[in-house]
Colleague: 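Quick one: the structure is below, and I'll ask about it shortly.
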Amino acid sequence: MIDGRVISVRMPDELAEQIDAMARAEGVSVSEAMRAAAYRYIATRRSDHDFQERLRKRLEEDREVLEALAESSKP
């Protein structure tokens with residue numbers, strides 16, 4: 001068993017049935033099939049230039065908010 005968090009995912013019945021059928025055909029659990037899909041999704045996003053730009057923008061926005069919060073909590 002893999003250590004980690006349990007995450008619930010709501011999806012349409014048709015998609016769930018397809019994932020279940022594919023996992024059975026591959027001889028793996030649905031959890032393993034979902035982990036493989038998540039790894040592929042992350043790899044795809046990491047190689048996407050536009051996503052990387054959005055990620056950098058989000059990091060900068062979050063940094064600004066966190067710095068403002070830290071300043072407001074100083075005595």
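Owing to the predicted nature of the structure, the values given are computational and were not obtained by experimental measurement.
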Colleague: Please name all residues satisfying side-chain contact (heavy atoms from CB on, under 4.5 Å) with Val6, sequence neighbours left out, ordered by chain then number.
Modeller: none

Colleague: Could you go through Arg54 and Asp50, starting from their C-alpha distance and side-chain angles, then the distance that decides it, and tell me whether this counts as salt bridge (Lys or Arg N to Asp or Glu O under 4.0 Å)?
Modeller: CA-CA 6 Å; Arg54 290 190 305 273; Asp50 291 336; 5.3 Å; no

Colleague: Going hydrophobic residue to hydrophobic residue with side-chain gaps under 4.5 angstrom, can you get from Val9 over to Val30?
Modeller: yes

Colleague: Which residues pass the side-chain contact (heavy atoms from CB on, under 4.5 Å) test with Glu61, sequence neighbours left out?
Modeller: Lys57, Arg58

Colleague: Name all residues meeting the salt bridge (charged side-chain N to carboxylate O under 4.0 Å, His left out) criterion together with Arg10; count only those two or more places apart in sequence or in a different chain, and write none if there are none.
Modeller: none

Colleague: Taking all non-hydrogen atoms of both residues, which atom of Ala33 and which atom of Ala23 are closest, and how far apart?
Modeller: CB-CB, 4.1 Å

Colleague: For Arg35, check side-chain hydrogen bond (donor to acceptor under 3.5 Å, both in side chains) against everything at least two apart and list the hits.
Modeller: Glu32

Colleague: Cut-off 3.5 Å, no hydrogens considered: what does the side-chain donor-acceptor table look like for residues 12-19, sequence neighbours left out?
Modeller:
residue : atom : partner : partner atom : Å
Glu14   : OE2  : Gln18   : NE2          : 3.3

Colleague: What residues form a side-chain contact (heavy atoms from CB on, under 4.5 Å) with Glu67, not counting sequence neighbours?
Modeller: Arg63

Colleague: Val28 and Met34: same hydrophobic cluster, using ILVMFWY side-chain contacts below 4.5 Å?
Modeller: no

Colleague: Please tell me whether Met11 and Ile7 are part of a single hydrophobic cluster in this structure, the criterion being side-chain heavy atoms less than 4.5 Å apart.
Modeller: yes

Colleague: What salt bridge (Lys or Arg N to Asp or Glu O under 4.0 Å) pairs are there with at least one residue in residues 37-46, not counting sequence neighbours?
Modeller: Arg45-Asp48

